[in-house]
2 protein chains.
Amino acid sequence: MPYDPSAFPPFAVTVDLVVLTVRRHALCALAVRRGEPPFQGRWALPGGFVRADEDLSQAAARELEEETGLTAHDPAVPAQDNGAHLEQLATYGDPKRDPRMRVVSVAHLALAPDLPAPRAGGDASNARWAPVEELLQRGGYGRDGEPVAPLAFDHAQILADGVERARSKIEYSSLATAFCPPEFTVGELRRVYEAVWAVALDPRNFHRKVTGTPGFLVPTGGTTTRQGGRPAQLFRAGGATLLNPPMLRPEV
Amino acid sequence: MPYDPSAFPPFAVTVDLVVLTVRRHALCALAVRRGEPPFQGRWALPGGFVRADEDLSQAAARELEEETGLTAHDPAVPAQDNGAHLEQLATYGDPKRDPRMRVVSVAHLALAPDLPAPRAGGDASNARWAPVEELLQRGGYGRDGEPVAPLAFDHAQILADGVERARSKIEYSSLATAFCPPEFTVGELRRVYEAVWAVALDPRNFHRKVTGTPGFLVPTGGTTTRQGGRPAQLFRAGGATLLNPPMLRPEV
DNA sequence: AGTGTTTATCGTCAGGCAGACGACTATGAT
DNA sequence: ATCATAGTCGTCTGCCTGACGATAAACACT
């Protein structure tokens with residue numbers, strides 16, 4: 001049977017990005033302000049159309065670079081010096097999710113260390129890091145009392161799914177190091193877990209756990225005192241990607 | 001800015017299904033024979049185009065029903081009497097994955113109890129359950145010595161991802177019960193784990209573990225002797241979806 | 001009826017890991 | 001010098017797991 005273009009409806013395919021980082025002890029996501037309808041002026045996740053000759057992961061990496069300057073970290077390369085972790089999250093294709101046309105969005109999740117400032121086409125006022133709690137509360141008020149509109153489209157759902165993925169994945173993988181600079185202390189890594197899970201962890205048990213998990217951390221030999229207090233050993237992420245035994249999120 | 005159709009390239013969007021079940025102590029997947037080019041005569045995963053007014057999950061449930069007669073089990077309904085578990089797996093969009101045109105496929109994973117026989121448009125010879133090892137070996141020989149061609153398109157990769165998802169997800173969720181009939185014994189559940197993980201488990205420790213995990217199993221009061229040997233208690237799946245503590249896959 | 005086989009179920013024991021928490025160390029601030 | 005802060009090392013107890021012995025209840029033989 002020959003190829004029949006009438007056999008299927010045409011779709012637009014986009015990638016949307018949930019870019020997470022830890023700033024000031026809080027899990028934050030990158031949001032951009034929409035400059036055009038629909039949802040003009042509302043905050044949304046960064047994203048864009050997949051080009052005709054692009055793979056989905058390429059499109060996600062390109063959008064990430066355009067919005068943040070970050071280079072996606074190739075999982076095949078163990079030396080993850082700079083560059084963010086990037087993975088596919090899920091795909092959203094409700095027929096009514098975009099009022100203009102049928103759009104299927106392949107959401108991706110990116111985890112990055114704390115960054116200086118976002119950039120959205122050079123206009124800083126149209127991009128910001130916001131605590132995920134603030135972005136997810138619908139119709140509430142932000143930290144400064146300014147009313148907060150819900151995210152555009154179904155982006156609140158996408159963000160919630162991305163946050164949940166990150167929260168569960170740092171349990172059994174070494175992904176929490178993606179939130180840290182290339183060299184970091186056990187305390188900094190602990191503050192990542194505390195921010196992502198929004199819990200308090202015992203510093204002594206945490207230290208025993210992460211230093212005792214083979215392949216998780218490798219000492220670099222240096223020390224730092226940038227947190228105040230006694231100088232702490234510096235570590236890099238080890239080769240292990242799966243933690244065995246896993247980190248355990250405290251009970252509710 | 002008005003809607004500009006030239007701003008994005010058109011895509012075809014499909015759903016492909018990884019339908020897994022346990023037959024004769026082996027993890028098996030549903031494969032259908034392609035009746036038209038490309039890859040005519042080769043085995044592939046079932047799937048089809050998403051319709052213009054369909055959500056992705058609706059399309060996956062429709063394809064599942066067309067291929068197997070199974071009704072997808074709505075996760076919101078706790079009484080999962082009949083019907084398979086269905087969840088989104090991942091999305092595959094390499095520009096060259098279909099030689100005809102640009103196709104983005106949203107793969108879904110379905111888990112079902114052992115079924116009588118597949119149906120593919122009423123033609124049984126064009127659909128079969130095959131052990132996943134057989135489908136995943138590229139260019140090898142099947143059980144009966146017949147040469148086996150690799151799956152069409154990138155379906156080997158999709159199947160491998162689905163199998164890996166199932167293998168890891170039965171660790172920390174009660175999803176293994178989706179492979180069982182509505183009522184089952186601890187031994188039958190253990191054989192599911194053994195088939196999916198391809199390991200042998202200690203019956204005594206397994207029994208202690210699953211009966212001790214709150215919410216995993218609820219006894220129905222009945223017993224059965226269909227496995228031979230001493231009669232075994234019958235259970236239904238409990239309300240718990242997340243197992244705490246998880247089942248542990250034995251070390252490699 | 002007795003014996004063996006199969007599967008289910010209960011118990012015991014030792015090792016490992018996690019949570020709670022005490023103690024000590026090394027820096028900067030006052 | 002003293003205090004505050006953060007890091008690091010130990011101890012103890014309870015729980016979970018893997019290894020494995022023992023018993024129970026069916027069926028298939030002889």
Side-chain angles (χ1 to χ4, degrees), chain A residues 24-25 170-172 180 183-195 197 199-236 240 242-252, chain B residues 24-25 170-172 180 183-195 197 199-236 240 242-252:
Chain A
R24 286 183 267 114
H25 290 208
I170 64 174
E171 282 191 76
Y172 57 89
C180 293
E183 295 201 346
F184 53 90
T185 69
V186 173
E188 290 167 342
L189 184 63
R190 176 169 48 82
R191 281 181 278 275
V192 165
Y193 275 92
E194 291 178 332
W197 285 342
V199 296
L201 300 175
D202 185 290
R204 298 158 291 188
N205 292 336
F206 184 86
H207 187 277
R208 177 184 60 191
K209 189 72 167 50
V210 296
T211 56
T213 299
F216 194 5
L217 302 180
V218 293
T220 67
T223 62
T224 184
T225 179
R226 61 174 170 251
Q227 302 292 332
R230 171 175 165 180
Q233 259 189 291
L234 283 170
F235 294 87
R236 283 185 296 102
L242 254 51
L243 302 183
N244 197 344
M247 302 292 299
L248 292 181
R249 193 170 357 178
E251 308 288 321
V252 184
Chain B
R24 285 185 267 112
H25 290 208
I170 65 174
E171 282 192 74
Y172 56 89
C180 295
E183 294 200 347
F184 52 90
T185 68
V186 174
E188 290 167 342
L189 183 62
R190 175 169 48 82
R191 280 180 278 276
V192 165
Y193 275 92
E194 291 179 332
W197 285 344
V199 296
L201 299 174
D202 186 290
R204 297 157 292 188
N205 292 336
F206 184 86
H207 187 278
R208 178 183 59 192
K209 188 71 167 52
V210 296
T211 55
T213 299
F216 195 5
L217 301 181
V218 293
T220 66
T223 60
T224 183
T225 178
R226 61 174 170 252
Q227 301 294 329
R230 171 177 166 179
Q233 259 190 291
L234 283 170
F235 295 87
R236 282 186 297 102
L242 255 51
L243 302 183
N244 197 347
M247 303 291 300
L248 291 181
R249 193 170 359 179
E251 308 288 320
V252 183

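In what follows, chains carry the letters A, B, and so on, assigned in the order in which the sequence lines appear, proteins first and then strands, with residues in each chain numbered from 1. This structure is a prediction, so every number in the text was calculated from the model and none was measured.
Here the CG atom belonging to A:L234 is positioned 5.5 Å from the OG1 atom belonging to A:T224, to the nearest 0.5 angstrom. Atom CZ of A:R230 sits about 10.5 Å away from atom OG1 of A:T223, to the nearest 0.5 Å. To the nearest 0.5 Å, atom CD of residue A:Q227 and atom CZ of residue A:F184 are 12.5 Å apart. Atoms CG and NE2, from A:D202 and A:H207 in turn, are 12.0 Å apart once rounded to the nearest 0.5 Å. To the nearest 0.5 Å, the span separating CZ on A:F216 from CE on A:M247 amounts to 6.5 Å. Between B:F206 atom CZ and B:T211 atom OG1 the span is 9.5 Å, to the nearest 0.5 Å.
Sorted by residue number, the members of residues 186-193 of chain B with any non-hydrogen atom under 4.0 Å from DNA chain C read B:G187, B:R190, B:R191. For the segment residues 208-217 of chain B, the set of residues with a heavy atom within less than 4.0 Å of an atom of DNA chain D comprises B:R208, B:K209, in numerical order. Remark: B:G229 in residues 220-229 of chain B come within less than 4.0 Å of DNA chain D through at least one heavy atom.
Along DNA chain D, the nucleotide nearest A:H207 and the nucleotide nearest B:P231 are compared for position; the residue whose nucleotide lies closer to the 5' end is A:H207. Along DNA chain D, the nucleotide nearest B:L248 and the nucleotide nearest B:R204 are compared for position; the residue whose nucleotide lies closer to the 5' end is B:L248.
Taking a heavy-atom distance under 4.0 Å as the criterion, the stretch of DNA chain C touched by chain A extends 5' to 3' from C:dA18 to C:dT27. Taking every nucleotide of DNA chain D with any atom under 4.0 Å from a non-hydrogen atom of chain A, the first and last of them, 5' to 3', are D:dT5 to D:dT11.
Comparing the helix axis at one end of the helix from C:dA1-D:dT30 to C:dT30-D:dA1 with that at the other, each defined from 5 consecutive pairs, gives an inter-axis angle of 0° (nearest 10°).
Shown are B:V218, B:T220, B:V186; of these, the side chain to side chain contact (heavy atoms under 4.5 Å, CB included) with B:F235 is made only by B:V186.
Between A:P250 and A:L201, the shortest heavy-atom contact is CG-CD2, 3.8 Å.
Side-chain atoms of B:E194 do not come within 3.5 Å of backbone N or O of B:H25 as any donor-acceptor pair.
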Practice problem: Would you sort out whether B:L189 and B:L217 count as a side-chain contact (heavy atoms from CB on, under 4.5 Å), showing the intermediate values? | Solution: CA-CA 10 Å; B:L189 183 62; B:L217 301 181; 4.2 Å; yes
